[in-house]
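Written below as structure tokens is the structure these notes are about.
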Amino acid sequence: MIHRDHPELSISQQCRLVKLSRSAFYYTPVGIDATTLTLMKQVDRVFTKFPFFGS
């Protein structure tokens, strides 16, 4: 939606038009590392097996 090389509108003007903060426009998501993914899978296995834990 936002074109970096728009001839008439700056990036900040385009962000304002689509109600997006400039920081959100420039944000690049960070991937999930292998350790976190392994931990998430372990938690999911426990939750699937024992859904009543934590109640």
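Model, not experiment: these values are computed from the prediction.
Between the side chain of His6 and the backbone N or O of Glu8 there is at least one donor-acceptor pair closer than 3.5 Å.
Leu20 forms part of a hydrophobic cluster together with Met1, Ile2, Ile11, Val18, Phe25, Tyr26, judged by ILVMFWY side-chain heavy-atom separations under 4.5 Å.
Evaluation of the side chain to side chain donor-acceptor pair (under 3.5 Å) rule for Ser23 yields Ser21 as partners, not counting sequence neighbours. Listed by chain and number, the residues in a side chain to side chain donor-acceptor pair (under 3.5 Å) with Thr36 are Asp33 (sequence neighbours excluded). Under the side chain to side chain contact (heavy atoms under 4.5 Å, CB included) criterion, Val30 pairs with no residue at all, not counting sequence neighbours.
Counting only residues at least two apart or on different chains, the ring-ring contact (aromatic ring centres under 6.0 Å, His included) pairs with a member in residues 27-54 are Phe50-Phe53. For residues 42-51, the set of pairs meeting the side chain to side chain donor-acceptor pair (under 3.5 Å) definition, not counting sequence neighbours, is empty.
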